[in-house]
Amino acid sequence: MKIFQRPLGGALLLALLSMALPGSLRAASMADWEGCSAIAADVDRLACYDKVSGRAQPEPAPLPPAADAGEPPAAQVAAVAAEPDPKLLSTLSRHWELDDEAKQGAFLFRPHHLNYLLPLKASNQPNNTPFQGSLIQPDQNLDPVETELQLSFKIKAMEGVFGYDNADLWFGYTATSFWQAYNDDISSPFRETDYEPEAMLVLRTDYEIAGFRGRLINFGAVHQSNGRSEALSRSWNRLYAQFGFERDKLTLLIRPWYRLPESADEDDNPDIVDYMGHGDLMAIYHDERSTYSLLLRKKAVELGWNFPLYGRLKGYVQYFNGYGESLIDYNHNQQTFGIGISLTDGM
């Protein structure tokens with residue numbers, strides 16, 4: 001039969017403590033001490049013993065006064081006031097690293113012209129003439145709907161040419177492919193791929209004309225060809241000077257060029273300047289979400305609309321009217337409309 005509800009050792013320890021403590025401490029009842037011994041947590045049990053024994057409790061350290069949210073300290077106000085607003089970089093500055101804040105150093109891949117994929121590209125008048133008797137049978141034609149893909153990048157090879165901080169040397173490369181993806185009758189070939197390597201010396205400028213700020217002059221040398229042979233071969237070489245201007249959200253690029261002459265027996269397209277002209281003009285407008293582009297060239301116009309889809313993925317719509325959408329079509333007039341996606345901006 002159990003006589004005690006608590007262990008005998010605990011009761012004896014409390015009795016010895018009551019006899020050993022001074023009279024002022026023995027004033028606490030045995031029940032108070034037993035109550036403390038029943039507390040399981042060490043910290044709380046010790047605090048209970050201190051309270052029963054009359055031991056003085058340490059006063060909590062005063063909390064520091066809370067800062068008034070409406071009146072920040074003077075040091076914080078000064079620090080905030082000293083921080084300058086971040087500089088917003090313009091389209092040309094981001095693309096060609098014209099400002100010191102935009103520079104990223106040499107030997108880094110960056111977008112050049114627009115990178116895009118148009119799964120659906122429709123033409124009102126496909127150019128069958130160059131392919132008759134070569135890639136397809138006389139009674140077969142190109143599909144009016146195909147796929148177009150463009151990949152374009154550039155690399156800064158030298159920042160500050162010959163120690164001149166306002167001059168950078170760039171190299172660029174662009175490949176544009178036209179794919180008869182839905183034409184099973186002729187095994188869905190790539191009917192044309194144009195390759196365009198170029199070298200560019202970009203000079204940073206700062207002047208105003210007619211309300212526009214002149215930001216750069218780009219001196220370039222460019223080769224463009226389709227890598228074909230015999231009757232399907234197309235190519236030309238040019239030197240150009242491109243002038244870049246900005247006004248608010250509008251960017252203008254004016255590029256006159258000079259075609260380097262070739263010998264008559266090596267020139268695959270001697271009349272290409274009659275259709276492609278001696279230069280082009282590009283206008284790019286950015287609003288809060290979309291980018292609109294206009295490309296004007298002799299006997300051709302191209303419109304583009306770039307809009308957000310998801311994350312960094314953007315939708316892209318393109319309309320072309322005129323001659324020279326590709327090198328194989330330099331002397332062929334057509335209208336095309338394509339819809340797809342773009343992965344990076346470009347100009």
Side-chain angles (χ1 to χ4, degrees), residues 113-114 116 118 121-150 152 174-181 183 186 189-198 220-240 242 253-282 293-304 318-338:
H113 300 307
L114 190 66
Y116 62 82
L118 302 177
K121 182 73 175 290
S123 171
N124 72 324
Q125 189 176 341
N127 185 16
N128 293 289
T129 303
F131 302 99
Q132 296 296 333
S134 57
L135 292 182
I136 58 179
Q137 299 299 323
D139 59 341
Q140 294 177 324
N141 292 315
L142 297 174
D143 273 355
V145 178
E146 61 182 7
T147 295
E148 182 179 340
L149 169 67
Q150 178 167 290
S152 181
T174 302
T176 308
S177 296
F178 301 83
W179 178 23
Q180 287 276 296
N183 196 340
I186 56 174
F190 280 83
R191 68 171 181 89
E192 174 81 342
T193 296
D194 295 333
Y195 309 96
E196 191 172 2
E198 57 186 313
V222 55
H223 166 80
Q224 188 179 26
S225 66
N226 63 359
R228 310 292 281 274
S229 59
E230 300 178 356
L232 296 179
S233 177
R234 304 287 186 271
S235 67
W236 62 333
N237 300 301
R238 291 167 290 164
L239 299 177
Y240 65 81
Q242 186 177 55
L253 293 168
I254 302 172
R255 182 175 64 159
W257 60 60
Y258 168 73
R259 187 199 178 186
L260 297 175
E262 300 180 35
S263 60
D265 57 339
E266 295 182 355
D267 196 345
D268 301 318
N269 31 249
D271 59 344
I272 191 170
V273 174
D274 296 338
Y275 297 93
M276 305 290 281
H278 296 276
D280 58 19
L281 181 147
M282 174 172 282
S293 63
L294 167 67
L295 176 64
L296 295 177
R297 193 175 62 227
K298 182 180 182 180
K299 298 184 179 182
V301 57
E302 182 181 283
L303 300 174
Q318 182 192 87
Y319 170 77
F320 179 88
N321 188 340
Y323 292 85
E325 185 178 33
S326 66
L327 277 180
I328 200 71
D329 299 328
Y330 82 91
N331 57 356
H332 178 75
N333 185 19
Q334 62 183 325
Q335 294 186 62
T336 64
F337 179 83

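Arg234 has no carboxylate O lying under 4.0 Å from a charged side-chain N of Asp268, or vice versa, which leaves the two without a salt bridge. With salt bridges taken as basic N to acidic carboxylate O contacts below 4.0 Å, none links Arg297 and Glu302.
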If you apply the rule side-chain contact (heavy atoms from CB on, under 4.5 Å), what do you find for Lys121 with Val145, and how did you get there?
CA-CA 5 Å; Lys121 182 73 175 290; Val145 178; over 6 Å; no
From CA spacing to verdict: side-chain contact (heavy atoms from CB on, under 4.5 Å), Gln318, Leu118
CA-CA 9 Å; Gln318 182 192 87; Leu118 302 177; 4.0 Å; yes
Before you tell me yes or no, could you show the steps for Leu149 and Tyr116 under side-chain contact (heavy atoms from CB on, under 4.5 Å), namely the whole-Å CA-CA distance, both residues' side-chain angles and the distance that decides it to 0.1 Å?
CA-CA 6 Å; Leu149 169 67; Tyr116 62 82; over 6 Å; no
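If you check the side chains of Trp236 and Gln224, you find a donor sitting under 3.5 Å from an acceptor. Side chains of Asp194 and Asn226: no donor on one and acceptor on the other come within 3.5 Å. With 3.5 Å as the limit, one finds a donor-acceptor pair spanning the side chains of Glu325 and Thr336. Side-chain atoms of Thr174 and Ser152 form a donor-acceptor pair, as typed in the model, at a separation below 3.5 Å.
Each of His332, Gln335, Gln334 was compared with Ser123 under the side-chain hydrogen bond (donor to acceptor under 3.5 Å, both in side chains) criterion, and only Gln334 meets it. Paired with Pro270 under the rule side-chain contact (heavy atoms from CB on, under 4.5 Å), one option of Asp267, Asp274, Ile272 passes, and it is Asp267.
Once rounded to the nearest 0.5 Å, the distance linking NE2 of His113 with CD of Glu198 reads 5.0 Å. With rounding to the nearest 0.5 angstrom, the CG atom of Leu303 is 9.0 Å from the CG atom of Asn321. Note: Ile328 CD1 to Arg228 CZ = 6.0 Å, rounded to the nearest 0.5 Å. Rounded to the nearest 0.5 angstrom, Ile186 CD1 and Asp143 CG are separated by 7.0 Å.
Every ring pair (Phe, Tyr, Trp, His ring centres under 6.0 Å) that Tyr275 has, sequence neighbours left out, goes to Tyr323, Tyr330.
Pairing each heavy atom of Ser326 with each of Phe178, the nearest pair is CB-CE1, 3.5 Å.
Summarising the local packing, CH2 of Trp179 is surrounded by 12 or fewer heavy atoms from other residues, nucleotides or ligands at distances under 6.0 Å.
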